Amino acid sequence: MNPWHPKSWQQKPALQQANYPSQAALDATLEQLSLLPPLVTSWEIESLKSQLAAASRGEAFLLQGGDCAENFSDCNAQIVTNKLKILLQMSLLLIHGLNKPVIRVGRIAGQYAKPRSADMETVDGVTLPSYRGDLINGPEFTEEARVPDPVRLLRGYGRAAMTLNFIRALSDCGFADLHHPENWDLDFVSHSPLADLYHRVVNDLSNSLKFMETLGSAKNNDLSRVQFFTSHEGLHLHYEQSLTRQVPNRSGYYNLTTHLPWIGFRTAATTDAHIEYFSGIQNPVGVKVGPGMSEQWIQELVERLNPENQAGKLLFIHRFGAGKIAKELPGLIQAVKRTGGNVCWVSDPMHGNTESTSSGYKTRRFDNILSELEQSIEIHQSEGSILGGVHFELTGDDVTECIGGARGLDEEGLKRAYKTQVDPRLNYEQALEMALAITQKMGK
Ligand code: PEP
Ligand code: MN
């Protein structure tokens, strides 16, 4: 067998890839990408890995969240800031309620490629390639927009770099200072019943912070800054490959587009290209685990993706649906246990709970999401495994995409601010409610 290389996936069947009209144009773009600087560093990646190792032991908790897909137009100050704000606010509730550090990972700065159930889409007798995300083609139903264009890879790299630049600048200044959580308030929610509760938690935390500083037990630097990490589905293998590099003084290859790339449920077959690519990188790697995954399959994933059995290296992000998780998850937990492999279990209560309304909206019910989340917590408790984190599709904006929550958003209400082009996201309030629900179920 040949040794692993960033291009060795090309020898295996690759699902969900774009069909470019010109190989020469794709190659020229990949060549340009391969000369551009990395978006993240191996130090950051290794730091995340060791924090995830703590999460897998129950000593920290992962909060991963963001859009189903970012659009290039989401590279905008307001949208990015609101996303960071909701993640920060949720993380404060979790820190307070769980009494452990929270690792914040956005689905951000690169979540531009989407798997689709069909390659082609037909509207009024016209058939065109499906929209696969802004990294590949455009959403408009025209031939010009839908034919994959490799120049979009460079634009995606650019948007990811600009988004990261803004996140880093905000994290480096007062915005991410735990002494000033007032910077994270979102304008449109000052009237929300949850806002009161949130502010009580913030006051509580800021009193403890002052107390620790008075005692001299807090290292100022640790507390005055919060860290953000990035993640995206590593779907477009040519793009991922072109930024997969060796790093001086470290062994192996790193994917330097993002800290935490994950493998979607549709592309997790062990004989396929995605697993081949992911088996060779040093980053922590997530795999979506869903209905029908066999014990043998998940055991092979452990072996292929974490052969050295490093802690914090492999995340299983399960997404079964509220009606299936109780039947499917326990056997997989037991199968992983039998391998002796180190894994970090994460609950994605979104992707198994998608449905369509009679008026054609793709939505999710808050109650089903909450039920899967609560069942996840119970199942890990009864199996003696550890739920190390959660994975949500959410936004800091006031959208109406998921049904339910404290405000009782109903089907009729979805049309007020239904904005997603792909999966429905929790809005600000629903996201805060989920964070509270976690603390109520898991808190000490
Ligand atoms: C996603 O996370 O947006 C997604 C497509 O998930 P899954 O692969 O679990 O269906
Ligand atoms: Mn999604």
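Indexing begins at 1, ligand by ligand and atom by atom, following the structure's order. This structure is a prediction, so every number in the text was calculated from the model and none was measured.
Taking the six-membered ring for Trp and thresholds of 30 and 60 degrees, Y361 and Y418 have ring planes inclined between 30 and 60 degrees apart. By the 30° and 60° cut-offs, the orientation of the rings of H391 relative to H351 is perpendicular.
Taking only nitrogen or oxygen atoms, main chain and side chain alike, D348 does not reach within less than 3.5 Å of ligand 1. When only interatomic distances are considered, the shortest N/O to N/O separation between Q111 and ligand 1 does not fall below 3.5 Å. For K114, a nitrogen or oxygen atom sits less than 3.5 Å from a nitrogen or oxygen atom of ligand 1, counting backbone and side chain alike. At least one N/O-N/O distance between F265 and ligand 1 falls below 3.5 Å. Considering backbone and side-chain N/O atoms, R107 comes within less than 3.5 Å of an N/O atom of ligand 1.
Of the possible donor and acceptor atoms, one in the side chain of H259 sits under 3.5 Å from a partner among the backbone N and O of T230.
Side chains of Q430 and R407: a donor-acceptor N/O pair is absent below 3.5 angstrom, by distance only. For the residue pair S8/E276, the side-chain donor-acceptor check at 3.5 Å is satisfied. Of the N and O atoms on the side chains of E372 and S376, not one donor lies less than 3.5 Å from an acceptor on the other residue.
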**OP:** Check the pair T270, R304 against side-chain hydrogen bond (donor to acceptor under 3.5 Å, both in side chains), reporting the backbone distance first and the verdict last.
**Re:** CA-CA 8 Å; T270 51; R304 290 289 304 283; 5.4 Å; no
Original post:
What do the steps show when you test Q89 against Y428 for side-chain hydrogen bond (donor to acceptor under 3.5 Å, both in side chains), and what is the final call?
Top reply: CA-CA 10 Å; Q89 294 200 356; Y428 161 84; 3.0 Å; yes
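Around the Mn ion (ligand 2), protein N, O or S atoms at less than 2.8 Å comprise C68 SG, H351 NE2, E393 OE2, D423 OD2.
Atoms of ligand 1 found under 4.0 Å from any heavy atom of C68 (numbered from 1 in listed order, with element): 3 (O). Less than 4.0 angstrom separates some heavy atom of G264 from each of these atoms of ligand 1: 8 (O). Interface of E393 with ligand 1, defined as ligand atoms under 4.0 Å from a residue heavy atom, comprises 1 (C), 2 (O), 3 (O).
Scanning the protein for heavy atoms near atom 9 (O) of ligand 1, the closest one is R319 NE, 2.6 Å.
Distances from atom 2 (O) of ligand 1 to the heavy atoms of K288, Q16, E233 show the closest one on K288. Within the set R266, H351, R116, the minimum heavy-atom distance to atom 4 (C) of ligand 1 is found for H351.
Applying the 6.0 Å contact sphere to NZ of K7 captures no more than 12 heavy atoms from other residues, nucleotides or ligands.
Contacts of Q296 classified as side-chain hydrogen bond (donor to acceptor under 3.5 Å, both in side chains), with partners at least two apart in sequence or in another chain: E300.
K114 and D134 are not joined by a salt bridge, as no carboxylate oxygen comes within less than 4.0 angstrom of a charged side-chain nitrogen.
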